[in-house]
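In what follows, a single structure is set out as structure tokens and then discussed.
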Amino acid sequence: MFLYIIKRVFYLIPLLIGITLLTFLLTRSLPGDPALNLVGERANPEVLENIRKDIGADSPFFIQYAGYLKMLLKGQMGVSYFTKREVFADILLKFPNTLMLAFCAMSIAIPFGLILGFFTAERRGTIIDRVVTSLSVMGLSVPVFWSGLLIMLLFSLKMKLFPPSGTGGLRFMVLPAITLALPALATIARITRTSVIEIQEMPFINTARAKGLNHRRIQFVHVFRNVIIPVITVAGLDFGSYLNGSVLTETIFGWDGIGKFTMEGIIRRDYPVIMGCIIVGTVVFVLINLMVDIAYHYLDPRVKLHEVRR
Amino acid sequence: MKFADKSVIYLLCLIITVTIIAPVITGSDPLKIDLDSLKQPPSIHHLFGTDTKGRDIFSRVLYGGRVSLGISLLAAVFSMSIGFLVGLIAGYAGGRIDSILTALIDLVLSFPSLLLAIGISVVLPPGIYTVMIAIASVGWASFARVIRGYILTIREMPYVESARAVGCSGTRILLFYLLPQCIPIGIVMMGLKLGGYIITEASLGFLGLGQQPPAPSWGGMISAGRAYILSEPWIVFFPGAAIVVTALCFNLLGDILRDSYGLRIK
């Protein structure tokens with residue numbers, strides 16, 4: 001187990017190099033002076049001079065890239081053109097909000113997805129099954145920025161149950177969390193349904209039935225333990241995609257997280273902000289995938305750790 | 001074929017036809033500003049109502065559909081072409097070339113796709129071609145991964161072996177023996193991915209990185225109508241409904257194609 005984790009962490013290194021190389025290339029191809037693009041016009045001249053030296057246009061490409069990496073390691077992602085604040089500091093400030101929202105969405109999506117999946121698998125082929133299954137395809141086809149607006153219109157503006165936008169306690173979190181949860185809920189319900197059906201046909205379930213165990217016990221103990229594994233994988237991947245979805249959802253609900261920050265950066269063409277958000281978002285995404293992989297191998301004893309192939 | 005499957009395909013054909021012949025169906029110009037009929041609710045004259053500048057939403061949705069569908073289809077074709085090229089080469093060449101290309105595929109797949117697309121759209125000037133490039137430069141990787149995996153399973157098959165034995169060159173084997181086998185997979189993948197591309201395109205449009213106003217696009221119309229959601233909800237509702245119906249049809253089409261070819265692709 002320990003060896004496996006170390007191996008996977010090592011695997012991160014080329015990945016991180018690839019990511020920073022890509023963002024570096026993106027930054028370099030922005031219009032204007034790259035040093036200015038990195039730190040913003042209003043940065044103090046000393047910093048600007050340092051960065052010019054680090055990523056100086058006349059030094060060879062790899063030296064420039066090394067300078068850029070050095071800057072990132074110091075947590076220097078430049079200063080916003082607009083607010084004159086350190087981008088990295090702002091990201092650190094806003095990140096917990098995004099994380100909280102993602103957790104909230106997850107705690108809606110996983111239980112309800114599991115329940116729906118089991119429910120439909122039990123009633124396979126009936127009308128209810130078909131309706132719910134088609135609805136879950138629907139869930140994958142609805143853009144969050146539209147469903148978010150409709151949810152806001154219905155529950156907040158018409159029924160006045162929750163505040164339409166803003167950052168704060170649970171009351172503010174409910175609507176954006178539901179919006180974010182819907183597509184994930186649909187995926188989880190779908191995966192659960194197929195794996196429940198698949199597992200119910202396996203010999204060990206027949207054995208359990210032959211032993212005379214009641215249906216409920218088979219479902220909750222024997223089937224559930226096997227179903228939870230693919231669900232965790234999908235949920236983990238979805239957790240990463242919440243960072244994607246949050247750009248849209250947070251903008252609509254005015255939730256003060258990284259997503260909204262990215263959007264503000266885009267509107268104002270605030271390049272240091274956009275690039276900072278992309279780097280942080282991507283690194284977090286990669287780290288979450290790593291954790292999911294590790295959790296997956298921990299949960300599923302059938303997978304032999306040292307034989308894992310990427 | 002089941003009735004439900006047939007109706008999905010008919011509906012999709014209808015959507016595509018309607019957007020192509022948009023000028024025939026709707027008399028009104030999607031860009032014409034009419035200050036006498038601002039924010040009209042849906043009626044006989046304006047099927048989907050009018051927006052804040054008095055423009056007819058029905059014709060804007062139709063014309064916007066041309067852009068959305070066009071970009072998504074082109075992006076899918078580009079993704080598939082690049083994905084095929086990389087996947088074929090990686091799967092057939094093997095060795096070091098394969099490991100380098102696989103690492104590249106893994107790298108692109110490990111990026112959150114919308115963030116990468118945002119990064120690309122920010123660097124290039126905003127517009128429809130940028131959106132296309134942004135989608136395709138993320139999308140090719142999943143095609144490449146599937147194609148590579150498939151090539152690995154078929155490259156040692158007896159018919160390929162015998163082609164090699166009679167002296168076919170590597171290029172010939174790739175183009176005439178392996179590529180045709182991959183075409184069904186390509187079609188199914190395209191069906192599965194198109195729904196997602198429609199939504200990505202709309203998302204980029206919503207973020208203001210796609211088609212620039214005043215030209216209509218589904219995502220852009222929703223973004224422009226956001227502020228009027230309480231008083232004039234139809235401004236946001238109809239373009240969104242268009243996205244949902246189109247994406248839904250493509251997603252269902254992907255499932256239908258996959259089942260009819262009997263393939264197991266996610």
Side-chain angles (χ1 to χ4, degrees), chain A residues 11-12 14-15 17-19 21-23 25-31 130 134 137-138 140-147 149-150 152-153 156-158 164 183 240-248 251-252 262-263 265-267 269 271 274-275 277-282 284-286 289-290 310, chain B residues 4 102-104 106-126 137 195-196 198-209 218-219 222-223 225-226 229-231 233 235-237 239-252 254-255 266:
Chain A
Y11 187 78
L12 271 185
L15 203 58
I17 291 180
I19 290 166
L21 200 59
L22 259 173
T23 49
L25 287 174
L26 284 177
T27 314
R28 296 268 312 159
S29 35
L30 289 172
R130 276 196 221 136
S134 352
V137 185
M138 185 96 170
L140 299 175
S141 315
V142 179
V144 285
F145 54 89
W146 188 66
S147 55
L149 282 172
L150 293 191
M152 186 203 279
L153 175 67
S156 158
L157 302 175
K158 291 262 194 240
S241 66
Y242 284 149
L243 295 168
N244 271 316
S246 69
V247 178
L248 303 162
T251 303
I252 286 172
T262 315
M263 179 65 175
I266 293 172
I267 290 174
R269 300 269 139 187
Y271 295 126
I274 302 174
M275 287 303 157
C277 289
I278 290 180
I279 293 170
V280 172
T282 311
V284 170
F285 183 74
V286 170
N289 281 356
L290 171 75
R310 265 289 304 194
Chain B
T102 312
L104 188 67
D106 279 346
L107 174 65
V108 175
L109 286 178
S110 64
F111 250 95
S113 52
L114 188 64
L115 281 187
L116 183 55
I118 287 174
I120 292 168
S121 329
V122 164
V123 170
L124 301 172
S137 54
I198 293 272
I199 289 182
T200 309
E201 190 273 337
S203 306
L204 289 173
F206 180 83
L207 294 173
L209 296 167
W218 290 344
I222 293 178
S223 160
R226 246 176 81 194
I229 177 89
L230 182 59
S231 47
I235 301 180
V236 162
F237 180 79
I243 299 172
V244 172
V245 172
T246 314
L248 185 63
C249 281
F250 277 122
N251 281 336
L252 290 172
D255 287 350
K266 199 192 128 248

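The chains referred to below are lettered A, B, ... by the order of the sequence lines, with proteins before strands, and numbering in each begins at 1.
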Proximal component of [X], with respect to chain B [non-hydrogen, under 4.5 Å]:
X: A:Ile274; answer: side chain
X: A:Met138; answer: both
X: A:Ser147; answer: neither

Quiz item: Which answer fits B:Ala241, side chain, backbone, both or neither, if we ask what part of it has an atom under 4.5 Å from a heavy atom of chain A?
Solution: both
Exercise. Please flag which part of B:Phe237 lies under 4.5 Å from any non-hydrogen atom of chain A: side chain, backbone, both or neither.
Key: both
Name the option with the most non-hydrogen atom pairs under 4.5 Å to chain A; the candidates are [options].
options: B:Asp255, B:Ile222, B:Leu124, B:Thr200; value: B:Ile222
options: B:Thr246, B:Leu104, B:Ile118; value: B:Ile118
options: B:Leu248, B:Leu252, B:Ile198; value: B:Leu248
options: B:Gly195, B:Ser203, B:Gly196; value: B:Ser203

Side chain to side chain, [X] and [Y], heavy atoms closer than 4.5 Å:
X: B:Val245; Y: A:Ser141; result: no
X: A:Trp146; Y: B:Ile243; result: no
X: A:Val144; Y: B:Phe206; result: no

Quiz item: Hey, mind stepping through B:Val236 and A:Leu153 against side chain to side chain contact (heavy atoms under 4.5 Å, CB included) and telling me if it holds?
Solution: CA-CA 11 Å; B:Val236 162; A:Leu153 175 67; over 6 Å; no
Taking every non-hydrogen atom, the tightest pair across [X] and [Y]:
X: B:Val244; Y: A:Pro143; value: CG2-CD, 3.9 Å
X: A:Thr282; Y: B:Leu115; value: N-CD1, 4.2 Å
X: B:Arg226; Y: A:Ile252; value: NH2-CA, 4.3 Å

Quick one: pull up [atom1] in [X] and [atom2] in [Y] and give me the separation to the nearest 0.5 Å.
X: B:Ile120; Y: A:Leu22; atom1: CD1; atom2: CG; value: 8.0 Å
X: A:Leu149; Y: B:Leu230; atom1: CG; atom2: CG; value: 12.0 Å
X: B:Ile199; Y: A:Leu140; atom1: CD1; atom2: CG; value: 8.0 Å

Quiz item: For the candidates A:Val286, A:Leu150, A:Ile266, which exhibits the highest count of non-hydrogen atom pairs separated by less than 4.5 Å from chain B?
Solution: A:Ile266
